[in-house]
Enquirer: 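The structure is given below, and queries will be raised subsequently.
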2 protein chains.
Amino acid sequence: MPKHVQLADYLRARIDDGTYPPRAKLPSEATLVQETGFARDTVRKGIAVLLDEGRVYVVRGLGTFVSPAD
Amino acid sequence: MPKHVQLADYLRARIDDGTYPPRAKLPSEATLVQETGFARDTVRKGIAVLLDEGRVYVVRGLGTFVSPAD
DNA sequence: GGAAATTTGTTCGTATGTATA
DNA sequence: TTATACATACGAACAAATTTC
């Protein structure tokens, strides 16, 4: 399975299990790059999956957050 | 060779030749951006190289300085 | 006390090139 | 050809620390 899908699955699971509750800030791209060892490109693709699903929203200069409705 | 490595090499050479003696302040990121034409991102990566080498230290709000031991 | 300017720190947005499967 | 993945590079917004007026 592609790395970005793996990351998306992992983050989705963390949202579902409450590690990242609604409106919580996800780790930054830089942090995820460091923690996963993936390239930023790959990390962003993973986040993009959750973005497409409406599970998270992104604020430039601030970070990525779990959607409130969640 | 990557630009940030080029910049790191250049600054290291200026430290070594005494242009920037120990404890001297290096040009600010903004100045280096202007002088080199590189993006801030690239300038910061160049400085990060010297930081990793312990050749400089950075004080937020003040600037980047040549390490005293140098 | 406060406001502004300077400077570094952090974060996301975008684009290009390269390599591999 | 396409998808995946990484590295480099530039841009933009936001944040925090420091100094100066």
Side-chain angles (χ1 to χ4, degrees):
Chain A
M1 195 182 314
K3 291 184 178 181
H4 66 270
V5 175
Q6 290 178 37
L7 178 59
D9 288 347
Y10 171 79
L11 291 175
R12 193 185 308 101
R14 294 294 77 74
I15 292 172
D16 288 337
D17 72 13
T19 301
Y20 303 121
R23 301 179 190 280
K25 186 180 176 299
L26 261 57
S28 72
E29 292 175 0
T31 299
L32 290 173
V33 165
Q34 204 169 17
E35 288 181 351
T36 64
F38 297 164
R40 189 190 169 199
D41 184 73
T42 304
V43 166
R44 283 179 59 79
K45 278 177 183 164
I47 294 174
V49 173
L50 302 179
L51 201 55
D52 284 344
E53 294 171 357
R55 305 293 304 260
V56 302
Y57 62 98
V58 182
V59 183
R60 185 176 185 173
L62 280 181
T64 303
F65 306 85
V66 179
S67 297
D70 215 275
Chain B
M1 197 182 310
K3 291 184 178 182
H4 66 271
V5 175
Q6 290 178 37
L7 177 59
D9 288 347
Y10 171 79
L11 291 176
R12 193 186 308 102
R14 294 295 76 71
I15 291 173
D16 287 337
D17 71 13
T19 301
Y20 303 121
R23 301 180 190 280
K25 185 180 178 301
L26 261 57
S28 72
E29 292 176 1
T31 300
L32 290 174
V33 165
Q34 203 169 16
E35 288 181 350
T36 63
F38 296 165
R40 189 190 170 199
D41 182 74
T42 304
V43 167
R44 284 179 59 81
K45 278 177 182 163
I47 294 173
V49 173
L50 301 180
L51 200 57
D52 283 343
E53 295 173 354
R55 304 294 303 260
V56 303
Y57 62 97
V58 182
V59 182
R60 188 175 183 172
L62 277 182
T64 303
F65 305 84
V66 179
S67 297
D70 215 277

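Reminder, nothing fancy here: chain letters follow the sequence lines and each chain counts from 1. Here the structure is a predicted model, which is why all the values come from computation and not from measurement.
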Enquirer: Please list, chain by chain and in numerical order, all residues satisfying salt bridge (charged side-chain N to carboxylate O under 4.0 Å, His left out) with A:R14, sequence neighbours excluded.
Expert: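 Per chain and number, A:R14 pairs via salt bridge (charged side-chain N to carboxylate O under 4.0 Å, His left out) with A:D17.
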Enquirer: Does any non-hydrogen side-chain atom of B:V59 lie less than 4.5 Å from one of B:F65?
Expert: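 They are in contact (side-chain heavy atoms under 4.5 Å apart), so the answer is yes.
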Enquirer: Using side-chain hydrogen bond (donor to acceptor under 3.5 Å, both in side chains) as the criterion, list what pairs up with B:T36, not counting sequence neighbours.
Expert: none
Enquirer: Can you sort out the partners of A:E53 under salt bridge (charged side-chain N to carboxylate O under 4.0 Å, His left out), two or more places apart, ordered by chain and number?
Expert: A:R12
Enquirer: Report the distance from atom CD of B:Q34 to atom C1' of D:dC10, rounded to the nearest whole Å.
Expert: 16 Å
Enquirer: Would you tell me if any nitrogen or oxygen in the side chain of B:T42 comes within less than 4.0 Å of OP1 or OP2 on D:dC10?
Expert: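 Yes.
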Enquirer: Distances under 3.5 Å only, N/O to N/O: pair up the protein atoms with those of nucleotides 7-10 of chain C.
Expert:
residue, atom, partner, partner atom, Å
C:dT8, OP2, B:E29, N, 2.8
C:dG9, OP2, B:R44, NH1, 2.9
C:dG9, OP2, B:R44, NH2, 3.4
C:dG9, O4', B:R60, NE, 3.4
C:dG9, N7, B:R40, NH2, 2.6
C:dG9, O6, B:R40, NH1, 3.1
C:dT10, O4, B:R40, NH1, 3.4

Enquirer: Rounding to an integer number of Å, can you tell me how far B:K3 NZ sits from D:dA7 C1'?
Expert: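 Going from B:K3 (NZ) to D:dA7 (C1'), I get 14 Å.
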Enquirer: Report the residues that fulfil salt bridge (charged side-chain N to carboxylate O under 4.0 Å, His left out) with B:R60, sequence neighbours left out, ordered by chain and then residue number.
Expert: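 Partners of B:R60 by the salt bridge (charged side-chain N to carboxylate O under 4.0 Å, His left out) criterion come out as none, since no residue qualifies.
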Enquirer: Can I get a per-line list of side-chain donor-acceptor pairs under 3.5 Å for residues 39-50 of chain B, giving both atom names and the distance, sequence neighbours left out?
Expert:
residue, atom, partner, partner atom, Å
B:R40, NE, B:E29, OE1, 2.7
B:R40, NH2, B:E29, OE1, 3.0
B:D41, OD2, B:K45, NZ, 3.3
B:R44, NH1, B:E29, OE2, 2.6

Enquirer: Is there a side-chain contact between A:K45 and the phosphate of D:dA3, meaning an N or O under 4.0 Å from OP1 or OP2?
Expert: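 So the side-chain polar atoms of A:K45 never come under 4.0 Å of the phosphate oxygens OP1 or OP2 of D:dA3.
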Enquirer: Taking ring-ring contact (aromatic ring centres under 6.0 Å, His included) as the definition, give me every residue that meets it alongside B:Y10, ordered by chain and number, with sequence neighbours left out.
Expert: none
Enquirer: Do any N or O atoms of the protein come closer than 3.5 Å to N or O atoms of nucleotides 15-21 of chain C, and which pairs are they?
Expert:
none

Enquirer: Can you list everything that forms a salt bridge (charged side-chain N to carboxylate O under 4.0 Å, His left out) with A:K3? Sequence neighbours excluded, please.
Expert: none
Enquirer: If I take atom CD in residue B:Q6 and atom P in nucleotide D:dT8, what distance separates them, rounded to the nearest angstrom?
Expert: 12 Å
